[in-house]
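To start, the structure under review is shown below, and the notes come after it.
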Number of protein chains: 2
Amino acid sequence: MNSRKAFLPPRRILMGPGPSDVATRVLEAMARPTIGHLDPDFIFLMDHIKAQLQYAFRTANPLTMPVSGPGTAGMESCIANLVEPGDVIVVCQNGVFGGRLKAMAVRCGATVVHVEDEWGRAVSPSGLESALRSNPAASVVAFVQAETSTGALSDAAALAKVAERYECLTIVDAVTSLGGSPLEVDAWGLDAVYSGTQKCLSCAPGLSPITMSDRAMARVAHRRTPVQSWFMDVNLVTGYWGSGTQRSYHHTAPINALYGLNEALLMLQEEGLLAAWARHKQNHLALKAGLEVLGLEFVAPRSERLPQLNAVRVPDEINEARVRQRLLEEYSLEIGAGLGALAGKVWRIGLMGYSSRRENIMACLSALGQVLTYEGLCVSATEAQAEADRALRQPTLP
Amino acid sequence: MNSRKAFLPPRRILMGPGPSDVATRVLEAMARPTIGHLDPDFIFLMDHIKAQLQYAFRTANPLTMPVSGPGTAGMESCIANLVEPGDVIVVCQNGVFGGRLKAMAVRCGATVVHVEDEWGRAVSPSGLESALRSNPAASVVAFVQAETSTGALSDAAALAKVAERYECLTIVDAVTSLGGSPLEVDAWGLDAVYSGTQKCLSCAPGLSPITMSDRAMARVAHRRTPVQSWFMDVNLVTGYWGSGTQRSYHHTAPINALYGLNEALLMLQEEGLLAAWARHKQNHLALKAGLEVLGLEFVAPRSERLPQLNAVRVPDEINEARVRQRLLEEYSLEIGAGLGALAGKVWRIGLMGYSSRRENIMACLSALGQVLTYEGLCVSATEAQAEADRALRQPTLP
């Protein structure tokens with residue numbers, strides 16, 4: 001790249017753990033003229049985005065908005081607002097992101113009760129229950145609904161029920177589930193849920209939609225100590241993202257990124273949330289059928305699999321990094337590597353949002369089958385695609 | 001706005017305190033296809049952005065990068081990394097943003113020595129010196145070089161010299177100065193400097209370029225306690241934004257926003273940093289000449305004025321909000337209101353980055369002159385423009 005020339009990115013097929021493919025209309029929305037963040041037209045847009053996020057989260061929570069930072073900032077916003085020094089918080093970990101929740105809670109001065117489940121498995125409600133039984137002082141339970149590092153889907157409704165029995169608030173990581181698989185914030189009684197825009201919403205990365213229940217907001221209002229982060233303090237942020245035409249300045253929102261989010265949420269509304277969930281499910285089954293023909297095994301057992309993130313074990317004697325590199329260089333196809341304990345052992349193949357399309361499934365099976373053949377495995381890309389095609393012809397699941 | 005229709009923002013002339021007008025080529029850059037944040041092409045772009053930010057900050061600091069959040073996140077990143085519980089920090093306040101620095105330092109557990117200067121005036125080096133003399137335990141000095149709330153420019157070089165004599169690190173707010181007026185991170189010995197992208201760099205808002213000296217990084221490395229924010233901890237962030245091709249995942253960078261920043265930094269390189277400073281200065285003098293013909297007085301004295309942010313007092317008996325509203329509705333021109341102690345008393349007229357152009361000066365003087373006439377003042381927009389035109393014909397200042 002010449003230092004005096006524009007950066008012209010290659011066109012990729014994004015089938016890693018995120019970002020996912022961004023639709024042209026979302027890209028174009030981000031290129032519309034920037035306006036002021038206190039402009040009446042922008043305030044109107046903020047309200048519209050909030051309403052659309054309520055639709056996506058299935059919630060009526062007034063505090064439903066995008067944090068002006070990536071998913072990691074949304075995660076820390078939930079922890080920093082709901083946890084204070086001396087609190088006891090139960091953190092369930094079954095992958096990388098549960099570990100991150102734990103690290104953040106420790107930095108907020110909490111005593112963390114760590115409940116571990118096997119990587120690649122769902123979080124066990126009975127494990128959570130026994131931790132709560134032995135830690136009656138616990139006031140918050142945090143867990144990851146959709147573990148992007150392993151492809152495991154946990155039963156958020158069941159976990160929230162256990163937490164409620166012990167009068168704990170729940171903090172839920174829905175980074176990879178929002179817009180892609182069932183998430184019912186109100187029906188399941190979740191208290192603080194955060195997500196990202198670059199997964200099943202298929203926006204550019206950089207924003208973190210969050211929602212907090214009235215119970216959670218009451219907890220924040222009655223804190224003994226100020227929220228340790230001024231930037232993330234929802235007491236201050238709500239003055240900016242709150243309702244009415246009078247907004248108090250807190251920071252400057254990322255205007256153009258929000259144009260993109262608005263357009264992506266519009267696409268979700270046009271398709272319908274339930275239809276989007278069904279599409280992710282069906283496309284997952286098709287990809288799975290093809291991957292199995294290629295001899296690849298899933299990390300998570302069938303009933304605990306995230307449809308939008310397919311983590312499969314790398315076959316013995318295959319150089320996993322070289323396969324990814326060839327896919328990128330020769331097919332302009334990105335798939336993800338393993339993270340943490342699974343580094344070097346798995347591939348993570350995303351079918352998220354706008355990436356969850358028939359042509360991507362076929363391109364992936366074709367390219368992966370071809371590269372695995374070059375690398376010495378005896379597999380048939382053609383058969384894998386035929387199997388996927390068959391799965392796609394099945395009637396859509398409810 | 002129909003809830004099922006795209007958001008089509010109006011085209012504004014942005015002459016408030018930011019965001020400033022974003023050039024079409026920067027908007028277009030943000031609409032390029034999203035690629036993965038660990039893609040070799042993206043890592044190349046990260047390195048390129050870091051080098052261009054070093055150019056803009058006039059520094060060789062290896063830690064020079066955009067924080068994935070707005071200027072407020074950059075401010076808190078500097079405070080949270082360099083301040084820990086029990087530290088004594090001197091915060092100079094001469095406007096809204098000094099107050100914010102103080103609030104953040106308190107939330108990091110610091111004891112804050114508060115040095116106040118009049119709003120609209122520069123920070124006084126002698127005031128800082130006497131605070132340091134009486135507080136020998138102080139280890140950090142924080143101040144705002146360019147107070148966006150008042151239009152006052154402080155002498156960062158002089159303040160840094162005082163701080164150095166007392167062996168204090170400096171945290172400097174350069175949100176509104178970077179790319180618009182002299183800022184010499186290395187020559188002045190500044191330790192932690194943060195900025196925003198929506199001011200004189202004329203990108204969309206949402207990123208905060210920061211730079212930290214080796215001295216500052218050594219301080220972070222020898223902290224007694226972990227940085228309280230996991231998201232902002234530079235020990236972790238440098239693994240992601242650091243050098244070499246091996247980057248460790250920390251969060252997902254806002255890819256498309258960074259395409260825009262890269263393009264804006266390219267524009268700065270094409271013009272040349274010193275030429276950009278000179279343009280801001282000359283355009284300020286032209287606008288000032290015109291505003292004075294309209295009878296408007298500056299808040300800051302001549303030698304303490306920020307060229308890119310012109311804060312002028314609202315004339316008696318003028319309804320300041322109505323004037324701004326008319327400018328927006330009838331001329332699609334945005335200027336800023338007062339903040340904090342100056343709310344309702346001043347207008348803040350920005351000439352930042354791509355907004356700092358001849359046609360904007362003329363449009364502003366014409367519209368403002370017209371509206372003030374409608375509101376009952378006896379002023380001449382034509383004369384104001386002629387005066388500005390005369391100033392623009394003066395030879396460029398060094």
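Just so we're on the same page: letters track the sequence lines, and every chain starts at 1.
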Do the side chains of [Y] and [X] get nearer than 4.5 Å, heavy atoms only?
| X | Y | answer |
| --- | --- | --- |
| Asp173(B) | Tyr194(B) | yes |
| Leu27(B) | Arg32(A) | no |
| Asp233(B) | Asn81(B) | yes |
| Phe42(A) | Met46(A) | yes |
| Trp347(B) | Arg324(B) | yes |
| Met232(A) | Phe231(B) | yes |
| Asp39(A) | Ile43(A) | no |
| Ser202(B) | Asp21(B) | no |

Measure distances from [X] to the heavy atoms of chain B and classify the residue's part below 4.5 Å as side chain, backbone, both or neither.
| X | answer |
| --- | --- |
| Ala253(A) | backbone |
| Pro10(A) | both |
| Val227(A) | both |
| Phe97(A) | side chain |
| Ile255(A) | both |
| Arg25(A) | neither |
| Leu14(A) | side chain |
| Leu236(A) | side chain |

Legend entry - Interchain contact, Leu328(B) with chain A, by part (heavy-atom threshold 4.5 Å):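 Leu328(B) touches chain A through side-chain heavy atoms alone.
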Under 4.5 Å, counting heavy-atom pairs only, tell me which of [options] racks up the most with chain A.
| options | value |
| --- | --- |
| Arg107(B), Arg11(B), His250(B), Arg12(B) | Arg107(B) |
| Val106(B), Asp41(B), Leu207(B) | Asp41(B) |
| Glu263(B), Gln198(B), Arg100(B) | Arg100(B) |
| Ala204(B), Gly69(B), Gly260(B), Pro70(B) | Pro70(B) |
| Gly206(B), Pro254(B), Pro205(B) | Pro205(B) |
| Gln228(B), Met104(B), His251(B), Glu28(B) | Gln228(B) |

Inset, instruction - Work out which heavy atom in Cys108(B) is nearest to a heavy atom in Val83(B); give both atom names and the distance. - result: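 Smallest interatomic distance, heavy atoms only, reads CB-CG1, 4.1 Å.
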Inset, instruction - Indicate the atoms forming the closest heavy-atom contact of Gly95(A) with Ser149(A), along with that distance. - result: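 Looking at all heavy atoms of both residues, the shortest contact is CA-OG, 3.6 Å.
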Answer yes or no: is there a donor N or O on one side and an acceptor on the other, between the side chain of [X] and the main chain of [Y], under 3.5 Å?
| X | Y | result |
| --- | --- | --- |
| Tyr259(A) | Pro33(A) | yes |
| Lys50(A) | Trp241(A) | yes |
| Ser20(B) | Gly353(B) | no |
| Gln52(A) | Gln269(A) | no |
| Arg348(B) | Leu309(B) | no |

Inset, instruction - Please list, in residue-number order, every residue in residues 332-341 of chain A that has a heavy atom less than 4.5 Å from any heavy atom of chain B; write 'none' if there are none. - result: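 Within residues 332-341 of chain A, the residues under 4.5 Å from chain B are Glu334(A), Leu339(A).
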Inset, instruction - Give me the contact list for residues 71-79 of chain B versus chain A, heavy atoms only, anything under 4.5 Å, ordered by residue number. - result: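 Under the 4.5 Å heavy-atom cut-off, Thr72(B), Ala73(B), Glu76(B) qualify.
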Legend entry - Criterion side chain to side chain contact (heavy atoms under 4.5 Å, CB included) on Tyr354(B) and Leu201(B), from CA distance to verdict: CA-CA 8 Å; Tyr354(B) 188 62; Leu201(B) 298 181; over 6 Å; no
Inset, instruction - Step by step, work out the side chain to side chain contact (heavy atoms under 4.5 Å, CB included) result for His37(B) and Tyr240(B). - result: CA-CA 10 Å; His37(B) 69 122; Tyr240(B) 185 55; 2.5 Å; yes
Inset, instruction - May I ask you to name which of Leu8(A), Asn256(A), Ile35(A) has the most heavy-atom pairs under 4.5 Å with chain B? - result: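 Between Leu8(A), Asn256(A), Ile35(A), the count favours Ile35(A).
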